[in-house]
Colleague: 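One structure, pasted below without further comment.
Order of the sequence lines fixes the chain letters, A, B, ..., with proteins taken first and strands second; residue numbering starts at 1 for each chain. The figures here come from the full heavy-atom set of this structure, side chains too, leaving out hydrogens, waters and symmetry mates.
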Amino acid sequence: MENPTTDKTPVSNFIRTIIDRDLESGKHKSIKTRFPPEPNGYLHIGHAKSICLNFGLARDYGGICHLRFDDTNPIKEDVEYVDSIMEDVRWLGFDWQDKLFYASDYFDQLYEYAEILIKEGKAYVCDLCQEEIRKHRGTLTVPGKDSPYRNRSVEENLDLFRRMRDGEFEEGAKSLRAKIDMASPNLNMRDPVIYRIKKAEHHRTGNKWLIYPMYDYTHCISDALEGITHSICTLEFEDHRPLYDWFLDQLPVPCHPQQIEFARLNLSHTMMSKRRLLELVQNKVVNGWDDPRMPTLAGMRRRGFSPEAIREFADRIGVAKANSVVDFELLQFCVREDLNKHANRVMAVLDPVKLTIENYPEGKVEELEADNNPEDPSAGVRLIPFSRNLYIERDDFSENPPKGWFRMSPGKEVRLKHAYYVTCKEVVRDAQGRISELICTYDPLSRGGGTADGRKVRGTIHWVSAEHSIPAELRLYDQLFTIADFNDMEEGKDYTDYLNPDSLVVNRVCRLEPSLRDAKAGERYQFMRQGYFSVDPDSGPDGLVFNRIVTLKDSWAKQQAAKS
RNA sequence: UGGGCAGUCGCCAAGCGGUAAGGCAGCAGGUUUUGGUCCUGCCAUACGGGGGUUCGAAUCCUCCCUGCCCAGCCA
């Protein structure tokens, strides 16, 4: 697999400025970045920003990007997640070649370095329990107090640390701490814990270890061991940078990568917290991690978003240090832009009403040619059956049309896409007064949708032949949340108060043109004048299931809404 | 009220002392066998606010305001 190339000139951002400077000054000959997920959940669109950034920089500068699992906390991590993460990164279109790493690969080295720290008097074993450590840490405005165990001898620390490793102590009874400064205004520097006892089985190292290193200690060393040049992370780690640098300054590591922080992605109407996403899954608010309403890559993939669209989105949002909330509209734009070019057009009637052409012979069937994609002639053409009895969209008929209406109404000629001009002569209603059938006539000379006299027919509507059409289930999705920006939540409310009850509407009455009969899971189509749909894997012998990826823009609806 | 970071159009975001890119959204037209696409035009005398330096400031200095992050043996 090739990492996607791009001929677009990348937009300038502060990270590129740093890299340009480092390359120009000779600090680095080439760059090496890394995407370092913790395998404790599924990747979401926010991770996609980071993946595109890290792999994209490597691509643009002819460098390398590693995939490294930050797996230092065995009780939260699982192979299910490492598998899904690899699948998602690959699906997004990136290739880590043979550069697949795990922080757990460095456990031995990390341990050796810890002993060095101890031997140099820069780390000590502390007997304080979690509560006590917290009390000693002080507060934002009050300096911390030294641990009573802070000045143990090197020999005692070494002995204790080895016994921690060997399982002599209970979880929580002891920890290894860096000896830095309990009075630092930066809480991260107040003798942070670097090793804790956890008698848990690790998904890769099994039962080999009973102590596990903490993130701050592990991450910088992992970066250094891999020769990472630019270690890009999110804003909340800004305060950790002095600690990142401190460890690397104390240890005989091969190099000292530069940590650079950028603002994580927030999307309007979207919840991006891993913890809450997990709750949505566990509480069955959604149907799993890959529910098409989820902002996970698995969900977006199932919904029908293409990796190209997501990459384009990542490019367009830019990279900066200001907290922001990107409009969901931008993502939709990128999805539509890609689908417009690549999705074949088909006709599907979502809310069918019968249309009978009284002057069209009973039993006659014509196969009419239709282009598959006006944006792409190479997509070819297909044949669609036409007959006396059709279905059209209920919304495409109005008995008393508003001003500006150019769909069907009594006596008004409209074009059936790819077929004929028809004119409604009669409206048939059922006992409830609901329109049950439209009786029309057609112009035999308008075959294909045009006439020699060149008369203008403004309205064009889609249709299917009643007897040839096939049923399907349509899953129509909308935003999962009604609130745009979660920073604006009302006091006392939480995210569950903003769930959209209509985020999924199931349609089982639609009728599709027969060419869709053999559609395969994952395929994407434009249902003309409606939206883009993808074939859901739930499709089977019992019938087709489609997910609505995104609607088409609808300026008519917008204009009508503006009037009321 | 300790420390760190950030504030440029409704939403993103370039800009790095020489007089406000671009995209999305929006608005107005045009083309159109999708009220889709496409095309054209409009959309910040103004860069959180006040002072200051300078011939010249979004860019430098200064004070202030607002927002975000940090007190896990999570990452």
Colleague: Please check the phosphate of B:C69 (OP1 and OP2 only) for any side-chain N or O of A:R241 closer than 4.0 Å.
Modeller: no

Colleague: Taking the minimum atom-to-atom distance to the side chain of A:D327, which one of B:U34, B:G35, B:C11 wins?
Modeller: B:C11

Colleague: Name the orientation of the base relative to the sugar in B:G52: syn if the glycosidic angle is within 90° of 0, else anti.
Modeller: anti

Colleague: Only pairs with both distances under 3.5 Å count, Watson-Crick or wobble alike; so what is the partner of B:A20 in this structure?
Modeller: none

Colleague: Can you tell me how far C1' of B:G72 sits from CG of A:N73, to the nearest Å?
Modeller: 10 Å

Colleague: Does A:R407 get its side chain close enough to the base of B:G35, under 3.5 Å, for a donor-acceptor pair?
Modeller: yes

Colleague: Take the protein atom NE2 of A:H219 and the nucleotide atom P of B:G72, then report the distance between them rounded to whole Å.
Modeller: 22 Å

Colleague: Can a cation-pi geometry be assigned to A:R204 and A:Y102, taking NZ or CZ under 6.0 Å from the six-membered ring centre and within 45° of the ring axis?
Modeller: yes

Colleague: Should A:R241 and A:E261 count as an ion pair when the cut-off is N to O under 4.0 Å?
Modeller: yes

Colleague: Quantified in whole Å, what is the C1' atom distance between nucleotide B:G22 and nucleotide B:C43?
Modeller: 14 Å

Colleague: What are the two closest non-hydrogen atoms of A:S398 and A:S409, and how far apart are they?
Modeller: O-CB, 3.0 Å

Colleague: Judged by each residue's nearest nucleotide on RNA chain B, which is more toward the 5′ side, A:N340 or A:F237?
Modeller: A:N340

Colleague: Take atom CG of A:N323 and atom P of B:G4, then tell me their distance rounded to the nearest Å.
Modeller: 17 Å

Colleague: Taking B:G23 as the reference, what is the distance to B:A75 when you measure between their P atoms (whole Å, please)?
Modeller: 43 Å

Colleague: Would you tell me if any nitrogen or oxygen in the side chain of A:R316 comes within less than 4.0 Å of OP1 or OP2 on B:G22?
Modeller: no

Colleague: Can you work out whether A:P37 or A:I317 has the more 5'-proximal nearest nucleotide on RNA chain B?
Modeller: A:I317

Colleague: Centre of A:Y212's six-membered ring, under 6.0 Å away, within 45 degrees of the axis: is that where NZ or CZ of A:K198 sits?
Modeller: no

Colleague: Given B:G35, B:A71, B:G36, which nucleotide is nearest the side-chain atoms of A:F406?
Modeller: B:G35

Colleague: Counting only side-chain nitrogens and oxygens, does A:R134 get under 4.0 Å of the OP1 or OP2 atom of B:G72?
Modeller: yes

Colleague: Nearest 0.5 Å, what's the OG-CD1 distance between A:S465 and A:I384?
Modeller: 10.5 Å

Colleague: With centres under 5.5 Å and planes under 30°, do A:Y215 and B:A75 count as stacked?
Modeller: no

Colleague: Knowing that exactly one of A:F262, A:Y244, A:Y215 qualifies, which makes a ring-ring contact (aromatic ring centres under 6.0 Å, His included) with A:F237?
Modeller: A:Y215

Colleague: Taking any heavy-atom pair under 4.0 Å as a contact, classify A:V319: base, sugar-phosphate, or nothing.
Modeller: sugar-phosphate

Colleague: Describe the nucleic acid contact of A:R415 in one word from base, sugar-phosphate, nothing, applying a heavy-atom distance below 4.0 Å.
Modeller: base

Colleague: Between B:U37, B:C73, B:A6, which nucleotide has the shortest distance from any of its atoms to the side chain of A:Q130?
Modeller: B:C73

Colleague: Quick check on B:C16: is either OP1 or OP2 less than 4.0 Å from any side-chain nitrogen or oxygen of A:T17?
Modeller: no

Colleague: Between B:C69 atom P and A:L243 atom CG, what is the distance in whole Å?
Modeller: 21 Å

Colleague: To the nearest angstrom, how far is A:D181 atom CG from B:G2 atom C1'?
Modeller: 13 Å

Colleague: Please name the nucleotide paired to B:C42 by Watson-Crick or G-U wobble geometry with both distances under 3.5 Å, or report none.
Modeller: B:G26

Colleague: Is there a side-chain contact between A:T218 and the phosphate of B:A75, meaning an N or O under 4.0 Å from OP1 or OP2?
Modeller: no

Colleague: Over all strands shown, is A:T72 touching base, sugar-phosphate only, or nothing at heavy-atom distances under 4.0 angstrom?
Modeller: sugar-phosphate

Colleague: OP1 or OP2 of B:A75 sitting under 4.0 Å from any side-chain N/O of A:K274?
Modeller: no

Colleague: Hey, is the side chain of A:Q530 pairing donor to acceptor with the base of B:U34 inside 3.5 Å?
Modeller: no

Colleague: For A:K321, which contact category applies under a 4.0 Å heavy-atom criterion: base, sugar-phosphate, or nothing?
Modeller: sugar-phosphate

Colleague: Measuring only the P atom in each nucleotide, how far is B:G48 from B:A58? A whole number of Å is fine.
Modeller: 10 Å

Colleague: Please evaluate the base of B:G3 for a donor-acceptor partner in the side chain of A:D239 within a cut-off of under 3.5 Å?
Modeller: yes

Colleague: For the aromatic rings, using the six-membered ring if either is Trp, is the centroid distance between A:F101 and A:H66 under 6.0 Å?
Modeller: yes

Colleague: Look at A:K558 and B:G26 and indicate whether a side-chain polar atom (N or O) is within less than 4.0 Å of OP1 or OP2.
Modeller: yes

Colleague: Starting from C1' on B:A75, measure out to CD on A:E38 and report it in whole angstrom.
Modeller: 5 Å

Colleague: Taking the C1' atom in each of B:U1 and B:C11, what is the distance between them to the nearest angstrom?
Modeller: 34 Å

Colleague: Using the rule side chain to side chain donor-acceptor pair (under 3.5 Å), only one of A:R345, A:Q526, A:H342 pairs with A:N373; which is it?
Modeller: A:R345

Colleague: On the nucleotide B:C68, are OP1 or OP2 found under 4.0 Å from the side-chain N or O atoms that A:R264 carries?
Modeller: no

Colleague: Taking ring-ring contact (aromatic ring centres under 6.0 Å, His included) as the criterion, tell me which of A:Y113, A:W246, A:Y195 meets it with A:Y217.
Modeller: A:Y195

Colleague: I need the CZ-C1' distance between A:F333 and B:C11, as an integer number of Å.
Modeller: 14 Å

Colleague: Could you tell me whether A:I75 contacts a base, only the sugar-phosphate backbone, or nothing, with contacts defined as non-hydrogen atoms closer than 4.0 Å?
Modeller: nothing

Colleague: Distance check: side-chain N/O of A:S12 vs OP1/OP2 of B:G15, anything under 4.0 Å?
Modeller: yes

Colleague: If you take atom types as modelled and just measure distance, does the side chain of A:R458 reach the base of B:U32 with a donor-acceptor pair under 3.5 Å?
Modeller: yes

Colleague: Ignoring backbone atoms, test whether A:K456 places a side-chain nitrogen or oxygen under 4.0 Å from the OP1 or OP2 oxygen of B:U32.
Modeller: no

Colleague: C1' atom, B:C65 versus B:G51: distance in rounded Å?
Modeller: 14 Å

Colleague: For B:C68, which nucleotide is its Watson-Crick or G-U wobble mate, given both distances must be under 3.5 Å?
Modeller: B:G4

Colleague: What's the closest nucleotide to the A:T460 side chain, out of B:U1, B:A13, B:U34?
Modeller: B:U34

Colleague: Quantified in whole Å, what is the C1' atom distance between nucleotide B:C9 and nucleotide B:A21?
Modeller: 13 Å

Colleague: Rounded to whole angstroms, how far apart are CD on A:Q332 and P on B:G36?
Modeller: 16 Å

Colleague: Once hydrogens and angles are ignored, does a donor-acceptor distance under 3.5 Å link the base of B:G36 to the side chain of A:E375?
Modeller: yes

Colleague: Take atom C1' in B:C47 and the same atom in B:G15, then report the distance between them in whole Å.
Modeller: 10 Å

Colleague: Between B:C64 and B:G72, how far is it from one P atom to the other, in whole Å?
Modeller: 31 Å

